[in-house]
2 protein chains.
Amino acid sequence: MAKLNSSLSRPKSTSPKPKSTLPADDQIGSGHAVTSYDVARHAGVSQSAVSRCFTPGGSVSDKMRARIKQAADELGYQPNAIARMLFTKRSNLIAVIVANLGVNPDFTSILSKHLIERGLNLLFFTLDQEADAERAIEQLWQYRVDGVISASELSEAHISLLRERGIPLVFINRLYEITGANSVGCDHAEGERWLIDRLVQAGHKNFGIVAGPKLSAVSRLRTHAALDRLQVLGIDKPAIIYGDFTYEGGRQAMRTLFEGKKRPDAVVCANDLMAIGCIDEAREVLSLGIPDQVSVVGFDGLSPGQWSAFSLTTVRQPMQSMVKAAVDMLVARIADPALATERRVFSGELVEGHSARLK
Amino acid sequence: MAKLNSSLSRPKSTSPKPKSTLPADDQIGSGHAVTSYDVARHAGVSQSAVSRCFTPGGSVSDKMRARIKQAADELGYQPNAIARMLFTKRSNLIAVIVANLGVNPDFTSILSKHLIERGLNLLFFTLDQEADAERAIEQLWQYRVDGVISASELSEAHISLLRERGIPLVFINRLYEITGANSVGCDHAEGERWLIDRLVQAGHKNFGIVAGPKLSAVSRLRTHAALDRLQVLGIDKPAIIYGDFTYEGGRQAMRTLFEGKKRPDAVVCANDLMAIGCIDEAREVLSLGIPDQVSVVGFDGLSPGQWSAFSLTTVRQPMQSMVKAAVDMLVARIADPALATERRVFSGELVEGHSARLK
DNA sequence: TTGTAGGCGTTATCAT
DNA sequence: ATGATAACGCCTACAA
């Protein structure tokens, strides 16, 4: 029961015979891993012909192409991407890094679609703890990914590591002002100003802010913009509660906000999930009418927010455009790594739900 | 400006010199792609020593290991997974296939976590149209993934293709009775019986069923189980509406259900998202009290269903356990492809929310 | 324990 | 247009 010798006739293989590279024809679908040599032998051509035949720009006669394609089909041959990668140094792999929380649920599938369109594949990394980032960076390097899209913040060290290694990196909705890293994002400040302006126009006076985690850059951007605008409009400094971007966090923040003596008439949340939590807490526990007694606004444009139970007033991020832009940008950088770093910022879209009194 | 000759001293390279494989030492962090040869040269050892040093079971003396590790660190060396794959035929890649709709949002991140624990990486495929399946199967084969986890249904042809190629496959929550494919899932029938029993016990008499798409196996399982149980309990045959597993679909189904002359007092939905849609439609448009006038139940255990706005009565699928089981099973099959195919079925957990009158 | 040498399945350069 | 052949970077007998 010796192993079956599937692919003989390699250049310097055991067979000493110099010419006549066509020993006994193969049995179809037998052993594993049919290689280009097997196809070549089966079609009676050289291995390089097979390779060319599967290469986009390869110069092969129609007749030969047909013969090879048929042989390949009969044997069930597909080129081995691994071997190709080894030679070409292009893996067609894009590493996608997402933080476990605070990511729009359909982000991944939208991204996947855009990558597919460009013939790229998605190597997925999700980050729970800081240690995971270390591992992700190490792995994606080992797999020689062509580029990285990150929806999670990365340390300076990791960013520069990627730069040194020449791996293009594009951030989605993270990390703006910092060191030259490519990014696409939503104009959080603008959106937040819209919300505040509308709320103030409608006569709200006592604001409460539900921020995200203190170290979240997105939360900072949104919250600061709101605070700034309130100050510009001459509104009293609002109470600020720091949440964790979750539903539960939103509920808790709302509770805390209404324990104080100065109860807000408008609550501005750093994301939709917390806003939903606020609404539920207001109705369920605090017995407050939304938007009659309190207005609540969020940020993101999550689909649950648009369910009629909440009808959340919020700013929708143009996910499709952002993701497309990120992929475009990444692909451009892969083609020409010398391109200048760039930021693309999209305006959100104000969604006037019924969770806030707007007039 | 000639290209810099980073790694000389390959076995049969240009250099004719037979011995003394240590030409001028390298400049750190210079060119790209530092290889094991570079490290070897830097540390003054053989390339194979470097390789062994990075291989779990490799036999290297502590002294040498230290020297090599240091050299590797200085040069920023990480083994090239691609080259390794080519030789070992193991990619440490697991293909994960999900259908675009109808997937529990945190499924991917849970899965990712479990794969990480085993040192596996996640190659992500999302399926929109039937054509995408074709592409996914082709790609994952080209990348020589070690195994496949699918949360989407696959055609018989694709399943047997994977089998022929010796790629272990585990389904999550799909495709039970069919051809010997490994799967883990939730006991839909049992859960559905629980729901029906409780509803009937509480005195509900007129049922409405909101099913999923007609070709969805999961929907069929859940719906059939509900219908069977109703029949066993002697309840009149309920109206059945076919939805699409979405929120909007749920709303529409609810509307249709209440256009009929026999208005149900209990609506059983094939998933949580549609159940939420039903609740919103009932309250918003039909002005029906939940659960006073109609009871609504779902299936899945989605977190939005548990928000107090809905407090959905449902059956929660034990996602963590299911995913862990799937990974365990897959890893076992990778280790021993001859293992018998197996199905693991977990019981769900009845969640008694307030969307249904249960007594 | 360490070094030598051959091969994994491609692509690409060169003759033909 | 086609066929030989040398890498690509690593792993693993085998020899020392």
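Within every chain, numbering begins at 1; the chains are lettered A, B, ... in the order of the sequence lines, protein sequences first and strands thereafter.
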Value in whole Å for how far the [atom2] atom of [N] lies from [atom1] of [X]:
X	N	atom1	atom2	answer
B/Asp38	D/dG9	CG	P	9 Å
B/Arg84	D/dT12	CZ	C1'	13 Å
A/Gln78	C/dG9	CD	P	15 Å
A/Arg144	D/dC8	CZ	P	14 Å
B/Gln47	D/dT12	CD	P	12 Å
A/Leu86	D/dA6	CG	C1'	13 Å
A/Gln142	D/dC10	CD	C1'	12 Å
B/Arg90	D/dT12	CZ	C1'	17 Å

Under 3.5 Å, which donor-acceptor pairs link side chains of residues 82-99 of chain B to any protein atom two or more places apart or in another chain?
residue: B/Thr88; atom: OG1; partner: B/Arg84; partner atom: O; Å: 3.0
residue: B/Thr88; atom: OG1; partner: B/Arg90; partner atom: N; Å: 3.3
residue: B/Thr88; atom: OG1; partner: B/Arg90; partner atom: O; Å: 3.4
residue: B/Arg90; atom: NH1; partner: B/Asn92; partner atom: OD1; Å: 2.7
residue: B/Arg90; atom: NH1; partner: B/Asp146; partner atom: OD2; Å: 3.3
residue: B/Ser91; atom: OG; partner: B/Leu93; partner atom: N; Å: 3.1
residue: B/Ser91; atom: OG; partner: B/Arg144; partner atom: O; Å: 2.8
residue: B/Ser91; atom: OG; partner: B/Asp146; partner atom: OD1; Å: 3.4

Counterpart residues, side-chain hydrogen bond (donor to acceptor under 3.5 Å, both in side chains), relative to B/Glu134 (two or more places apart): B/His158
Results of side-chain hydrogen bond (donor to acceptor under 3.5 Å, both in side chains) for A/Ser51 - residues two or more places apart only: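 Result, side-chain hydrogen bond (donor to acceptor under 3.5 Å, both in side chains) vs A/Ser51: none returned.
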Check every strand shown and say whether [X] touches a base, only sugar-phosphate, or nothing at a heavy-atom separation below 4.0 Å.
X	answer
B/Met85	nothing
A/Ser59	base
B/Val50	nothing

Shortest non-hydrogen contact from B/Ser183 toward B/Val170: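 Closest approach of B/Ser183 to B/Val170, heavy atoms only: CA-CG1, 4.3 Å.
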Does [N] have its OP1 or OP2 closer than 4.0 Å to a side-chain nitrogen or oxygen of [X]?
X	N	answer
A/Ser51	C/dT11	yes
B/Lys89	D/dC11	no
B/Ser46	C/dG3	yes
B/Tyr77	D/dC10	yes

Given DNA chain C, 5'-ward residue of the pair B/Arg65 and A/Thr88, judged by closest heavy atom: B/Arg65
Pairwise 5' ranking along DNA chain C for B/Asp62 and B/Phe87, keeping only the more 5' one: B/Asp62
Angle by which the axis turns from one end of the helix from C/dT1-D/dA16 to C/dT16-D/dA1 to the other, five pairs per end, to 10 degrees: 40°
Close side-chain approach of B/Val327 and B/Arg118, heavy atoms under 4.5 Å: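 Side chain of B/Val327 against side chain of B/Arg118, heavy atoms only: contact under 4.5 Å found.
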Looking at the side chain of [X], which of [options] is the nearest nucleotide?
X	options	result
B/Asn80	C/dT11, D/dT2, D/dG9	D/dG9
A/Ser61	D/dT2, D/dG3, D/dT12	D/dT2
A/Ala83	C/dT10, D/dG9, D/dC11	C/dT10

B/Arg52 (side chain) and C/dG3 (base): donor-acceptor pair under 3.5 Å: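 It does, because a donor-acceptor pair links the side chain of B/Arg52 to the base of C/dG3 below 3.5 Å.
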Distance-only donor-acceptor test, B/Ser48 side-chain atoms vs C/dT4 base atoms, 3.5 Å: yes
Check: A/Asp336 side chain, A/Arg333 main-chain N or O, donor-acceptor pair, under 3.5 Å: no
Under the ring pair (Phe, Tyr, Trp, His ring centres under 6.0 Å) test, residues paired with B/Phe54 that sit two or more places apart: B/Tyr77
Pairs satisfying side chain to side chain donor-acceptor pair (under 3.5 Å), at least one member in residues 53-68 of chain A, at least two apart: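 Listed by first then second residue: nothing to list.
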